[in-house]
Amino acid sequence: MSFIRPNIRHPQLAVNDLGYTRANYEGALSTLCAGCGHDSISAAILQSCFELSIEPHKVAKMSGIGCSSKTPAYFLGNSHGFNSVHGRMPSVATGANLANRDLVYIGVSGDGDTASIGMGQFAHVVRRNLNMVYIVMNNGCYGLTKGQDSATADRGSASKKGIPNPYSSIDLCETAIQLGAGFVARSFSGDKEQLIPLIKAAVSHRGFALIDVVSPCVTFNNTANSTKSYDHVREHMNATGTFDFVPLKEEITTEYEPGQTEEITLHDGSAVRLHKATESLDFSSRRSAMNEIEKHKEKGEVLTGLLYLNPQTPDTHELLGTTTTPLNQLDKDKLCPGSKTLDAINDSFR
Amino acid sequence: MSFIRPNIRHPQLAVNDLGYTRANYEGALSTLCAGCGHDSISAAILQSCFELSIEPHKVAKMSGIGCSSKTPAYFLGNSHGFNSVHGRMPSVATGANLANRDLVYIGVSGDGDTASIGMGQFAHVVRRNLNMVYIVMNNGCYGLTKGQDSATADRGSASKKGIPNPYSSIDLCETAIQLGAGFVARSFSGDKEQLIPLIKAAVSHRGFALIDVVSPCVTFNNTANSTKSYDHVREHMNATGTFDFVPLKEEITTEYEPGQTEEITLHDGSAVRLHKATESLDFSSRRSAMNEIEKHKEKGEVLTGLLYLNPQTPDTHELLGTTTTPLNQLDKDKLCPGSKTLDAINDSFR
Amino acid sequence: MHKIAAVNDFVIKFANINGTGSASANNMFAKSIFRSGVPVTPKNIFPSNIQGLPTWYEVRVSEKGYLGRRGGVDFMVATNGQTMMQDFQEVLPGGYFLYDNSKPLAPKYKRDDIHLIGIPLTDICIQEYTDPRQRQLFKNIIYVGALSYLLNIEFEVFAELVQDQFKGKEKLITPNIHALELGYRYAKEYYAETCQLKIERRDLNQGKILVDGNTGTALGAIYAGATVAGWYPITPSTSVVDAFEKYCKRLRVDPANGMNNFAIVQAEDELAAMGMVLGASWNGARAFTATSGPGVSLMAEFLGLAYFAEIPGVLVDVQRTGPSTGMPTRTQQSDIMAAAYASHGDTKHVCLYPANPKECFDMSFNAFELTEYLQTPVIILSDLDLGMNDNMCDAFEWNDEIDYNRGKVLSTDELENLKERWGRYLDVDGEGIGYRTIPGTHPTKGSYFTRGSSHDEYAAYTESSEAYVRSMQRLEKKWDTAKTLVPKPNIRIENKQSKVGAIFFGTSTDAAHEAIDLMQQQNVSVNGLQIKAFPFTAEVEAFIAQHDTIFVIEQNRDGQMKTLLVNELQLDPARLTSVLNYDGMPITATYIVEQIEATINQNKVTPLQQADRG
Amino acid sequence: MHKIAAVNDFVIKFANINGTGSASANNMFAKSIFRSGVPVTPKNIFPSNIQGLPTWYEVRVSEKGYLGRRGGVDFMVATNGQTMMQDFQEVLPGGYFLYDNSKPLAPKYKRDDIHLIGIPLTDICIQEYTDPRQRQLFKNIIYVGALSYLLNIEFEVFAELVQDQFKGKEKLITPNIHALELGYRYAKEYYAETCQLKIERRDLNQGKILVDGNTGTALGAIYAGATVAGWYPITPSTSVVDAFEKYCKRLRVDPANGMNNFAIVQAEDELAAMGMVLGASWNGARAFTATSGPGVSLMAEFLGLAYFAEIPGVLVDVQRTGPSTGMPTRTQQSDIMAAAYASHGDTKHVCLYPANPKECFDMSFNAFELTEYLQTPVIILSDLDLGMNDNMCDAFEWNDEIDYNRGKVLSTDELENLKERWGRYLDVDGEGIGYRTIPGTHPTKGSYFTRGSSHDEYAAYTESSEAYVRSMQRLEKKWDTAKTLVPKPNIRIENKQSKVGAIFFGTSTDAAHEAIDLMQQQNVSVNGLQIKAFPFTAEVEAFIAQHDTIFVIEQNRDGQMKTLLVNELQLDPARLTSVLNYDGMPITATYIVEQIEATINQNKVTPLQQADRG
Ligand SMILES: Cc1ncc(C[n+]2csc(CCOP(=O)(O)OP(=O)(O)O)c2C)c(N)n1
Ligand SMILES: Cc1ncc(C[n+]2csc(CCOP(=O)(O)OP(=O)(O)O)c2C)c(N)n1
Ligand code: SF4
Ligand code: SF4
Ligand SMILES: [Mg+2]
Ligand SMILES: [Mg+2]
């Protein structure tokens with residue numbers, strides 16, 4: 001059991017714009033293995049929401065089944081959570097979002113949950129561009145069922161069992177880019193500096209935002225021959241650049257070296273400022289993003305950071321033309337056409 | 001109802017190397033709508049198998065549910081067929097192939113069958129590189145349930161109902177390339193010249209071979225605003241090149257203009273000879289293929305023909321190390337360890 | 001030669017090819033009878049294919065108001081060469097056979113007990129129209145015109161129907177009326193005295209409508225305030241969502257901004273459809289999906305989650321002939337068990353069984369009320385016969401006074417003023433139902449974690465045996481509550497003394513009532529009970545207790561409703577005799593009578609035999 | 001102060017934290033008793049998590065050979081601070097409480113009716129080992145060493161066990177034996193006369209083995225010649241395929257070329273797993289999958305296809321506590337209905353219910369024989385208790401003479417010599433089973449189209465009502481054939497005169513037999529019947545007919561097996577009284593006795609109450 005709560009509690013704890021302390025964003029004690037990458041991601045989500053001053057009750061946490069999918073119990077205890085069934089979180093999140101477009105939906109899933117049993121639902125929630133943050137805690141294995149290879153395990157990577165995975169792996173970022181996601185990033189549970197601004201930007205992005213976070217499973221897949229181990233990722237990680245999240249209210253002063261720093265304004269007025277490490281990546285081009293990911297893969301590297309961003313994609317509600325009031329707040333007056341109308345309808349059946 | 005049988009029957013019908021006539025490869029009368037693209041694809045499959053001199057009983061026809069999935073009843077009547085459940089043909093084909101690696105597996109599916117309900121199974125049969133030909137009869141809609149948009153309908157395309165599809169579309173060729181398929185092609189039901197050699201090459205390829213065939217639904221999606229109509233495809237189709245399939249026994253004389261014609265030898269010794277229309281496509285590069293597909297899409301064109309070919313990818317059996325004798329032919333002697341061994345095993349439980 | 005003669009009481013069947021436009025002509029025919037004030041029941045018998053295969057349309061006319069299928073054909077309109085011989089054979093002695101005599105009938109069409117009515121449909125069309133599509137379409141209108149004469153249906157009724165049908169496409173009106181006239185005139189000229197089947201105007205359809213059940217279900221959902229639909233196309237349920245969408249677009253678009261007060265998403269499959277429903281219901285919207293058997297199988301896992309985590313959700317199962325793909329365009333009542341006990345573990349689900357479009361409408365509303373009050377999924381079990389065929393029934397009714405009962409949901413104020421510690425799964429009222437909260441309601445109170453794993457009263461994860469058993473027992477208590485809330489059966493006492501009862505539900509209802517009448521005419525009194533819901537209410541139990549012999553009439557092979565009755569009410573199965581029809585065609589009164597009388601007479605049943613229902 | 005004193009008859013429980021290596025030490029302890037010739041039943045009670053949460057290991061020692069759970073703890077080995085108080089409370093008066101006294105027990109641990117045995121596990125480890133992992137691991141070995149002394153288990157037995165366990169890693173042997181000695185010596189020094197629970201060597205385990213049921217199932221599949229497994233991980237079924245793989249790698253690799261005479265594919269989900277099984281079986285291989293409740297729900301659609309298209313396939317359902325995710329690491333027998341009637345439409349499936357690893361082995365073989373002969377899926381319903389715990393049973397047996405019966409499959413020659421027209425679904429032998437062909441068998445004969453849509457005798461697509469009914473009736477006939485082929489029940493007649501019978505199956509069997517013994521000791525004679533299969537054979541029917549009062553003992557809330565019995569045999573439910581335990585823990589004999597006696601005495605049952613089984 002590991003603890004993601006901070007150990008020290010000052011009387012003068014930092015408060016955010018809402019007057020909440022970090023404690024207001026905490027959840028139950030984690031029951032994951034000590035050192036599990038997932039706990040770090042939970043902490044990063046917590047920290048991001050705290051810093052973004054999101055009202056916890058305006059967040060809905062959605063998940064499937066797995067060690068990763070348990071984590072929503074370990075952060076944002078004042079938010080509603082829904083631990084659904086294995087691989088089907090995307091559809092539950094879709095329904096929830098249809099019912100109330102005003103909440104922030106944070107989906108947490110595992111690589112088994114998303115890329116195996118959930119592959120179909122994942123593909124489709126992406127192509128509908130549901131307004132949600134979808135975080136994959138990607139350890140290349142099935143933690144909760146004791147370490148079987150998942151579909152994101154790289155070919156040749158070997159977990160504790162020692163047998164190299166023979167199959168081609170699924171790259172969820174590429175899949176998401178291909179299927180039209182507007183925000184696609186990859187990160188590493190061990191890189192808080194990168195992860196927190198990414199989560200903040202993902203929350204601010206309107207539409208589907210994927211963050212595929214490599215998150216080592218210390219118990220089953222942190223081996224010397226695993227490409228999802230702490231050591232491997234640390235050594236082979238290559239960031240697209242560093243990344244600042246600039247909240248709306250902070251004045252945006254544009255002062256960056258041309259060519260290497262780019263600023264993209266998000267739907268809600270906040271912005272991301274990217275200090276690109278490589279000029280060959282064009283964040284606004286799907287082809288460029290896929291190309292860059294593949295190029296790094298060919299070199300045995302894991303490209304992390306923001307990979308693709310298009311802040312202008314219409315989300316599911318815009319595509320459907322749903323009204324701005326959350327559907328779950330429409331009352332009978334708005335919804336029920338009444339008996340007069342029914343009489344007219346009856347007449348049409350005569 | 002349309003008929004895919006030839007109307008004229010000469011006494012001196014052409015026979016193939018096995019001494020079979022085309023009639024030996026025919027199936028039942030089609031019950032599809034007159035003019036349905038699917039019937040042309042059936043005819044092309046029939047013709048390819050005839051010309052390849054495949055023994056019909058060495059072919060297993062697999063399908064899901066849909067107008068497209070009905071077609072295996074309309075060709076190769078001397079082959080076993082399996083019309084399974086909606087979207088789950090890939091797993092049934094996987095099981096069948098595991099049981100007998102020596103048959104030719106021809107899977108036929110629809111875009112609804114593959115890209116909606118079957119998306120997960122499709123992704124996974126690709127990444128396991130099952131040795132099969134997977135033909136998608138892609139009409140951008142659900143024919144059998146009366147014309148709803150499918151997940152391959154292009155954004156903005158409108159079927160008979162007249163409402164433009166709002167969602168991002170799934171490009172099955174890109175998905176397959178990304179997930180490691182060794183043979184990926186796109187074609188058009190109206191282009192027999194291209195389709196037949198592609199099918200022949202796909203059958204000869206060892207491993208997963210996808211042919212995504214645009215196949216207009218005359219009843220529901222052959223409208224002026226549909227990008228899957230006969231007219232649209234004819235006008236916007238752009239082939240990667242022309243294509244010859246060179247069977248093993250024909251002497252391969254290499255005489256082509258350098259740079260533009262490429263010859264690739266398949267696992268079984270036959271070859272494909274490509275007369276490239278564009279130099280920028282490198283058939284052996286996944287990145288190049290995806291790039292090229294996307295580039296054409298940006299121009300509103302449908303890139304057809306062979307898109308990617310790697311004849312060297314190990315298929316599921318090679319990845320699993322399965323024995324060469326089909327598993328369904330192993331007898332008790334090979335399979336049952338016998339009572340002596342069981343005694344020893346019992347001892348290990350004491 | 002004998003001629004079947006009847007006024008307002010016969011069966012006419014149309015044999016067509018699908019995709020040739022016959023459907024709308026045939027519908028017009030049925031509607032003309034409805035508008036003549038005579039009860040009518042049309043049934044579409046169509047193939048699982050889009051174009052070019054045989055399709056039939058069977059219309060029963062019954063002044064007595066019998067709406068079940070009768071069986072037997074008095075008048076056949078045969079326009080399909082592929083099935084012509086079979087159609088020819090099917091006509092009852094003394095009946096009529098209308099065919100296209102542009103070509104003479106082949107000699108093999110030999111029967112001297114029926115009356116041939118040849119109309120040169122093709123020739124007339126070739127003469128009148130040049131466009132091949134028109135030639136095909138108007139053929140159908142021409143035979144309808146002929147029927148207007150032959151059956152004595154007022155021509156004005158058709159004229160009006162055409163006008164209604166082509167509202168907005170006025171230039172189609174005249175040609176259609178012309179085509180009707182062509183048929184009318186030809187029939188009048190050549191078959192003046194031939195047909196003894198007649199429609200006479202009555203006024204029996206006051207307050208009635210003629211509509212398909214799926215439209216009823218969809219309208220019920222609209223009136224119930226459903227806003228979210230996640231679905232996946234499958235025959236025969238697709239038209240539920242089609243109708244929902246159609247009426248949403250008419251009734252639910254905000255006039256101020258043109259935006260939709262609803263959201264319909266075509267899911268990638270049925271698992272996703274159900275997931276969307278649960279997500280939306282969890283989040284406080286009324287949500288539903290519609291599917292058929294294969295979809296129900298695929299939703300089993302999610303239904304179990306909803307049962308155990310206590311999430312509302314409405315599932316409409318428009319049943320078709322199973323198992324597996326079965327006969328997708330034939331009817332059956334065979335998902336009774338699959339629905340009631342869907343999912344692994346100890347699960348059971350509230351089910352409603354509508355028998356006509358009006359009940360579809362009412363039960364659709366009921367379903368939303370029940371699912372939210374009970375916090376458990378509710379499944380509406382309709383079927384192809386009801387869902388896709390026009391059925392005559394009472395007009396839909398809505399009481400504007402009725403408010404939605406959203407069940408035990410805590411508002412912001414209620415949360416604010418909570419005195420005691422709130423527990424999502426605490427049984428505060430002793431009904432087995434806890435108070436739930438909707439995400440976003442209150443900044444600091446009422447959040448909880450929904451899960452399909454074992455949880456205690458406060459929604460916390462638990463592996464405690466005791467906590468698990470407590471929640472399973474509370475779910476049983478909730479089940480008992482459900483028994484008091486679901487719609488009560490419809491009971492018909494023919495004779496208080498009679499010890500014979502018949503139980504039926506859904507689309508077996510009309511035929512069962514007719515059968516009871518038929519038996520009463522033979523002085524056999526059978527009391528009837530139409531089940532409307534699972535679990536069964538006390539009235540069902542009492543009815544069974546009051547009768548020594550009970551027939552359970554259903555349209556499946558395995559007597560699934562009987563199984564539910566026996567299991568849920570702990571009845572001796574020997575007390576219930578199954579009357580089973582499962583060939584994919586709607587059950588008939590004659591068949592029921594045969595089966596029941598066989599048992600009564602011989603005290604012996606052969607329930608699994610298929611009867612000849614000629 | 002009272003001390004529980006017993007020889008070879010007590011319950012000892014280990015309270016540990018998962019992921020700390022206690023499992024292998026505890027297993028060694030159980031095995032030491034087995035090797036002492038005394039019957040033993042260990043049960044793992046573990047959380048649905050990987051590391052850091054409480055886990056228990058409960059070992060029953062029973063010279064009389066009772067293998068069910070007993071309940072109550074005579075000796076507690078408490079090494080987990082998180083649960084220590086609860087563990088402390090659980091010890092029966094007069095019992096023993098072994099704890100780590102490196103730190104003194106907190107004052108709240110106050111009971112004067114139990115005996116404390118403090119062993120400074122931590123201190124010893126700190127003293128002996130520097131590596132923190134070793135310190136943790138050897139703690140467990142040290143308490144096992146102490147138990148060797150305290151319970152009088154021969155030290156040599158442990159020495160041998162260590163040697164066996166570390167075969168191949170010899171350098172671990174000495175340190176382990178050393179750790180055992182540390183514990184042994186400490187106990188001897190400080191607790192010489194404390195414990196009155198003793199193991200005495202016997203020779204009661206001749207011909208027995210101690211193995212988990214999932215291994216039995218896997219070996220059965222190997223011996224049955226299964227070559228294809230498609231599966232998806234889920235507790236508690238994962239180890240079926242793990243064991244299958246392990247033994248395949250040992251026994252099925254071709255010595256000539258190192259290639260595999262098997263293929264195991266981890267599917268993307270359970271739908272795919274079942275699809276693979278059906279594809280492989282259709283193509284003539286013996287194929288299976290293993291899953292648990294959620295997987296069964298997901299397989300419903302495919303099971304319906306297999307039923308209707310008549311495709312073989314073996315599904316192993318290792319049940320856990322439902323509904324939904326429920327308690328994934330607790331046991332239950334609650335997929336009885338979900339399995340038997342899986343899928344929409346009229347479907348039913350052959351089920352087998354093994355009670356111990358030997359039956360897992362035998363029924364696994366049976367399942368493949370039956371599924372191929374009957375051409376319908378066969379479901380093996382095991383559960384977590386049986387599948388994942390070591391269970392004592394008779395050694396596995398195999399008769400080398402037995403040949404596989406692959407059922408009605410036409411060979412190339414048979415096809416060549418066919419005299420009549422072959423029809424895939426023709427009932428040639430009157431058993432309701434047609435002759436099938438495997439793809440690739442014959443160049444021109446025997447090909448057909450497999451489909452889940454309605455088909456005639458020649459496998460052609462049909463929408464004919466008659467053809468459909470014929471095939472549904474033939475499937476019923478096949479069901480009757482199945483009744484004659486499935487394993488017969490195990491009947492135990494205590495007393496021919498007795499009119500009281502108990503019916504049980506699977507993991508309720510051992511406890512039921514013990515309960516029958518207990519009641520017999522009180523002069524209550526109850527006859528017993530262990531159901532082995534669905535559909536029920538004539539023997540089951542006869543047994544029920546012979547008894548006035550029947551108890552149906554099962555581990556679910558809703559009395560699911562009772563429902564099957566009532567429905568399938570058309571029994572009066574009043575004749576069957578349910579004895580239900582569904583709290584996730586294996587049922588005990590005491591609980592059964594309580595329930596049965598309550599009924600017998602008061603003629604009144606409260607089946608849904610949870611009993612205290614202290
Ligand atoms: C339908 C179903 N099948 C299987 C399982 C068992 N199961 C639980 S978690 C899991 C995989 C978890 O892997 P992943 O999503 O990668 O999460 P991780 O534990 O690695 O974080 C599986 C197969 C289940 N709960 N439900
Ligand atoms: C589980 C399930 N859901 C839905 C259906 C209904 N259904 C039959 S075919 C089909 C879609 C077919 O579309 P596609 O695969 O594109 O084939 P097409 O008819 O266009 O060739 C659907 C939804 C079904 N048979 N099974
Ligand atoms: S098993 Fe792996 S994924 Fe699960 S909690 Fe432990 S380290 Fe994390
Ligand atoms: S509906 Fe469309 S896909 Fe189906 S047969 Fe007709 S044209 Fe082809
Ligand atoms: Mg994982
Ligand atoms: Mg399609």
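Labels below follow one simple rule: chain letters A, B, ... track the order of the sequence lines, proteins then strands, and each chain is numbered from 1. Since the structure is predicted, the reported quantities are computational estimates derived from the model, not experimental observations.
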Q | Greatest number of heavy atom pairs closer than 4.5 Å to chain C - which of A:Thr316, A:Leu98, A:Leu342, A:Thr94 | A | A:Leu342

Q. Would you call A:Arg206 and A:Asp268 a salt bridge, taking side-chain N to carboxylate O under 4.0 Å as the test?
A. no

Q) Counting heavy atoms not belonging to C:Glu397, are there more than 12 under 6.0 Å from its CD? A) no

Q) Pick from C:Ser281, C:Pro439, C:Ala285: which one has the most heavy-atom pairs with chain A under 4.5 Å? A) C:Pro439

Q: Could you tell me which portion of A:Pro56 (side chain, backbone, both or neither) has an atom closer than 4.5 angstrom to a non-hydrogen atom of chain C?
A: neither

Q | Over 12 non-hydrogen atoms of neighbours within 6.0 angstrom of NZ in C:Lys445 | A | yes

Q: Count the heavy-atom pairs under 4.5 Å between each of C:Arg406, C:Met392, C:His442 and chain A, then report the option with the highest count.
A: C:His442

Q.
Between A:Met62 and chain C, with a heavy-atom cut-off of 4.5 Å, which part of the residue counts as in contact: side chain, backbone, both or neither?
A. side chain

**Q.** Donor-acceptor contact present, side-chain C:Asn405 to main-chain C:Glu369, <3.5 Å
**A.** no

Q. Between A:Leu320, A:Val85, A:Asn78, which shows the greatest number of heavy-atom pairs under 4.5 Å with chain C?
A. A:Val85

Q | Distance in Å, C:Ile264 CD1 paired with C:Phe244 CZ, rounded so as to fall on 0.5 Å steps | A | 5.5 Å

Q) Is a side-chain donor or acceptor of C:Asn391 paired with a backbone partner of C:Asn389 at a separation under 3.5 angstrom? A) yes

Q: Give, as side chain, backbone, both or neither, the part of A:Ile345 having an atom under 4.5 angstrom from any heavy atom of chain C.
A: side chain

Q) Salt-bridged, C:Glu268 to A:Arg127, with N to O below 4.0 Å? A) no

Q | Residues in residues 305-314 of chain C that sit under 4.5 Å from chain A, counting heavy atoms only | A | C:Leu305, C:Ile311

Q) Under a 4.5 Å heavy-atom cut-off, does chain A meet the side chain of C:Val265, its backbone, both or neither? A) side chain

Q | Heavy-atom pair count under 4.5 Å with chain C, highest-scoring of A:Cys336, A:Pro337, A:Ser348, A:Ala99 | A | A:Pro337

(Q) Counting only non-hydrogen atoms closer than 4.5 Å, does C:Gln266 touch chain A with its backbone (N, CA, C, O), its side chain (CB onward), both, or neither? (A) backbone

Q) Do NZ/NE/NH1/NH2 and the carboxylate oxygens of C:Asp254 and A:Lys334 come within less than 4.0 Å? A) yes

Q: Answer with yes or no whether the side chains of C:Trp231 and C:Thr291 bring together a donor and an acceptor at under 3.5 Å.
A: no

Q. Chain A: which of C:Thr215, C:Leu278, C:Thr444, C:Leu271 shares the most heavy-atom pairs with it under 4.5 Å?
A. C:Leu271

**Q.** Interface residue of largest heavy-atom contact number with chain A, from C:Ala272, C:Ala267, C:Gly225, under 4.5 Å
**A.** C:Ala272

Q | Most contacts with chain C, counted as non-hydrogen pairs under 4.5 angstrom, among A:Asp347, A:Asp343, A:Leu76, A:Asn83 | A | A:Asn83

(Q) Under a 4.5 Å cutoff for heavy-atom pairs, which residue among C:Phe262, C:Tyr247, C:Phe361, C:Tyr448 has the most contacts with chain A? (A) C:Tyr448

Q. Can any side-chain N or O of C:Asp456 pair as donor or acceptor with the backbone N or O of C:Ala460 at less than 3.5 Å?
A. yes

Q. By a 4.5 Å heavy-atom criterion (distance strictly below it), what part of C:Asn261 contacts chain A: side chain, backbone, both, or neither?
A. both

Q: Pick one of side chain, backbone, both or neither for A:Thr341, based on which atoms fall under 4.5 Å of a heavy atom in chain C.
A: both

Q: Using a cut-off of under 4.5 Å on heavy-atom pairs, state which of A:Ala123, A:Ser79, A:Ala60, A:Ala93 scores highest against chain C.
A: A:Ser79

Q. Under a 4.5 Å heavy-atom cut-off, does chain A meet the side chain of C:Val277, its backbone, both or neither?
A. neither

Q.
Looking only at side-chain N and O atoms, does C:Thr437 offer a donor or acceptor that is under 3.5 Å from a partner on A:His80?
A. yes

**Q.** Salt-bridge contact A:Arg350-C:Asp164 (side-chain N to carboxylate O under 4.0 Å)
**A.** no

Q) Parallel under 30°, tilted from 30 to 60°, perpendicular over 60°: which one fits the rings of C:Phe365 and C:Tyr404? A) tilted

Q. Between A:Lys340, A:Met89, A:Arg88, which shows the greatest number of heavy-atom pairs under 4.5 Å with chain C?
A. A:Arg88

**Q.** Contact class of A:Pro90 relative to chain C, heavy atoms under 4.5 angstrom
**A.** neither

Q | Proximal component of C:Phe34, with respect to chain A [non-hydrogen, under 4.5 Å] | A | side chain

Q: Indicate whether the side chain of C:Tyr461 and that of A:Thr31 have a donor and an acceptor atom separated by less than 3.5 Å.
A: no

Q: Among A:Asn131, A:Thr323, A:Thr324, A:Thr322, find the residue that satisfies the side chain to side chain donor-acceptor pair (under 3.5 Å) test when tested with A:His317.
A: A:Thr322

Q: Select one option (side chain, backbone, both, neither) describing which atoms of C:Asp390 are under 4.5 Å from chain A's heavy atoms.
A: neither

Q: Identify which of C:Asn399, C:Leu251, C:Asn205 forms the greatest number of heavy-atom pairs closer than 4.5 Å to chain A.
A: C:Leu251

Q: Walk me through it: do C:Trp422 and C:Tyr435 pass the test ring pair (Phe, Tyr, Trp, His ring centres under 6.0 Å)?
A: CA-CA 8 Å; C:Trp422 169 74; C:Tyr435 282 79; 9.2 Å; no

Q | Verdict with reasoning, C:Tyr425 to C:His455, per ring pair (Phe, Tyr, Trp, His ring centres under 6.0 Å) | A | CA-CA 9 Å; C:Tyr425 297 107; C:His455 39 267; 4.5 Å; yes

